[in-house]
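Order of the sequence lines fixes the chain letters, A, B, ..., with proteins taken first and strands second; residue numbering starts at 1 for each chain.
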Amino acid sequence: MGERTLTRMDLSEAVFREVGLSRNESASLVESVLGHMSDALVRGEQVKISSFGTFSVREKAARVGRNPKTGEEVPIHPRRVLTFRPSHLMKDRVALGNKG
Amino acid sequence: MIRSELIQKIAEENPHLYQRDVERIVNTIFEEVIDAMARGDRVELRGFGAFSVKQRDARTGRNPRTGEAVAVDEKHVPFFKTGKLLRDRLNGG
């Protein structure tokens with residue numbers, strides 16, 4: 001199994017190989033894709049990429065937390081968190097690819 | 001936002017590209033992430049988030065209808081952790 005870490009560079013390299021744009025333009029397209037997805041999520045929209053997965057923004061209510069070290073009570077403000085639900089295709093391919 | 005809307009936005013910003021190439025570009029990016037995880041690799045996109053593979057150990061599950069014990073094999077599942085910048089932006093940062 002792999003354990004390698006891919007970055008934006010690997011994604012733009014894949015775009016470069018697949019479409020034959022310059023490396024620079026490939027990199028800026030990868031950035032645009034991530035930028036548009038982030039902007040939609042910040043607006044509170046769900047981002048649903050068929051056969052990849054769904055990113056959703058969930059509102060978490062305020063609650064009283066505790067500093068685990070000191071036991072002191074600390075207010076936790078309401079916040080928005082992002083959740084990702086992988087598609088069946090992604091789950092199947094990840095399960096199959098990492099089998100045995 | 002769905003995949004086709006994302007493709008549309010990128011196409012509008014890049015009028016010099018054919019629509020079909022924009023589709024290939026967007027599809028390649030998502031395909032690459034899945035391929036990486038299928039190999040057991042991580043994909044770390046600073047500011048956005050990181051995709052990784054988590055191992056779930058084998059366990060004895062139960063058929064909820066019959067109560068019967070069933071062996072569930074070890075399996076690997078995709079996992080996403082939101083990046084710090086995006087997490088901050090979601091909360092007005």
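- When the side chains of ILVMFWY residues are joined at heavy-atom separations under 4.5 Å, either directly or via intervening members, B/Y18 and A/L29 end up in two distinct hydrophobic clusters.
- No side-chain heavy atom of B/T28 sits less than 4.5 Å from a side-chain heavy atom of A/L11.
- With a 4.5 angstrom heavy-atom cutoff, B/R56 does not touch chain A via any of its atoms.
- Residues A/V81 and B/T82 fail the side-chain proximity criterion, which asks for heavy atoms closer than 4.5 Å.
- Proximity to chain B (any heavy atom under 4.5 Å) is shown, for A/L96, by neither the backbone nor the side chain.
- Heavy atoms from other residues, nucleotides or ligands lying under 6.0 Å from CZ of A/R17 number more than 12.
- For B/N63, the CG atom is densely surrounded, since the number of other residues' heavy atoms within 6.0 Å is greater than 12.
- With a 4.5 angstrom heavy-atom cutoff, B/N27 does not touch chain A via any of its atoms.
- At least one donor-acceptor pair closer than 3.5 Å links the side chain of B/D41 to the backbone N or O of A/E3.
- Using cut-offs of 30° and 60° for the angle between ring planes, the A/F52 and B/F30 rings count as tilted.
- The backbone N or O of B/R89 lies less than 3.5 Å from no partner atom in the side chain of A/R80, so there is not a single donor-acceptor pair.
- Neither the backbone nor the side chain of A/D92 has a heavy atom closer than 4.5 Å to any heavy atom of chain B.
- Nearest heavy-atom pair across A/M37 and B/F48 is CE-CZ, 3.9 Å.
- The two atoms that bring B/V77 and A/V94 nearest to each other are C-CG1, 4.0 Å, heavy atoms only.
- Expressed to the nearest 0.5 Å, how far CE of B/M1 lies from NE2 of A/H36 amounts to 7.0 Å.
- In this structure a side-chain-to-backbone donor-acceptor pair under 3.5 Å is missing from B/N91 to A/R79.
- Of all heavy-atom pairs spanning A/E25 and B/H16, the tightest one is OE2-NE2, 2.5 Å.
- Both the backbone and the side chain of A/E18 come within contact range of chain B, each with at least one heavy atom under 4.5 Å from a heavy atom of that chain.
- The side-chain heavy atoms of B/R42 and A/R4, taken from C-beta on, include no pair separated by under 4.5 Å.
- Proximity to chain B involves both the backbone and the side chain of A/S51, based on heavy atoms less than 4.5 angstrom apart.
- Within a 6.0 Å sphere centred on CZ of A/R43, heavy atoms belonging to other residues, nucleotides or ligands number more than 12.
- Heavy-atom distances place both the backbone and the side chain of A/V19 under 4.5 Å from chain B.
- Side-chain contact check for A/R8 versus B/L45: some heavy-atom pair is nearer than 4.5 Å.
- Residue B/E74 holds its CD atom at 9.5 Å from CG of A/N98, rounded to the nearest 0.5 Å.
- The side-chain heavy atoms of A/I49 and B/I2, taken from C-beta on, include no pair separated by under 4.5 Å.
- Judged by distance alone, the side chain of A/D10 and the main-chain N or O of B/V43 form no donor-acceptor pair under 3.5 Å.
- Only the side chain of B/L17 comes within contact range of chain A, with heavy atoms under 4.5 Å apart.
- In A/K48, the NZ atom is not crowded: 12 or fewer heavy atoms of neighbouring residues, nucleotides or ligands sit closer than 6.0 Å.
- For a residue to count as touching a neighbouring chain, one of its non-hydrogen atoms must lie under 4.5 Å from one of that chain's; by this rule B/F79 does not touch chain A.
- Note on B/I10, B/I7, B/D21: by heavy-atom pairs under 4.5 Å with chain A, the leading option is B/I10.
- Among A/S50, A/P78, A/G53, the residue making the largest number of heavy-atom pairs under 4.5 Å with chain B is A/S50.
- Side-chain contact check for A/S32 versus B/K9: every heavy-atom pair is 4.5 Å or farther apart.
- A/A95 touches chain B through backbone and side chain together, each having a heavy atom under 4.5 Å away.
- Among B/P78, B/A36, B/G92, the residue making the largest number of heavy-atom pairs under 4.5 Å with chain A is B/P78.
- Contact annotation: the side chain of A/L34 never approaches that of B/I29 to less than 4.5 Å [non-hydrogen atoms, C-beta and beyond].
- In this structure, the portion of B/E13 lying under 4.5 Å from any heavy atom of chain A is its side chain and not its backbone.
- With a 4.5 Å cut-off on side-chain heavy atoms, B/E44 and A/L6 do not count as touching.
- Heavy-atom minimum distance, A/L41 versus B/L90: O-CD2, 3.5 Å.
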Quiz prompt | Pair A/R93-B/E31, salt bridge (charged side-chain N to carboxylate O under 4.0 Å, His left out): steps then yes or no | solution = CA-CA 11 Å; A/R93 288 193 47 199; B/E31 188 58 31; 2.8 Å; yes

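- For the atom pair CG of A/L21 and CZ of B/R24, the computed distance is 9.0 Å after rounding to the nearest 0.5 Å.
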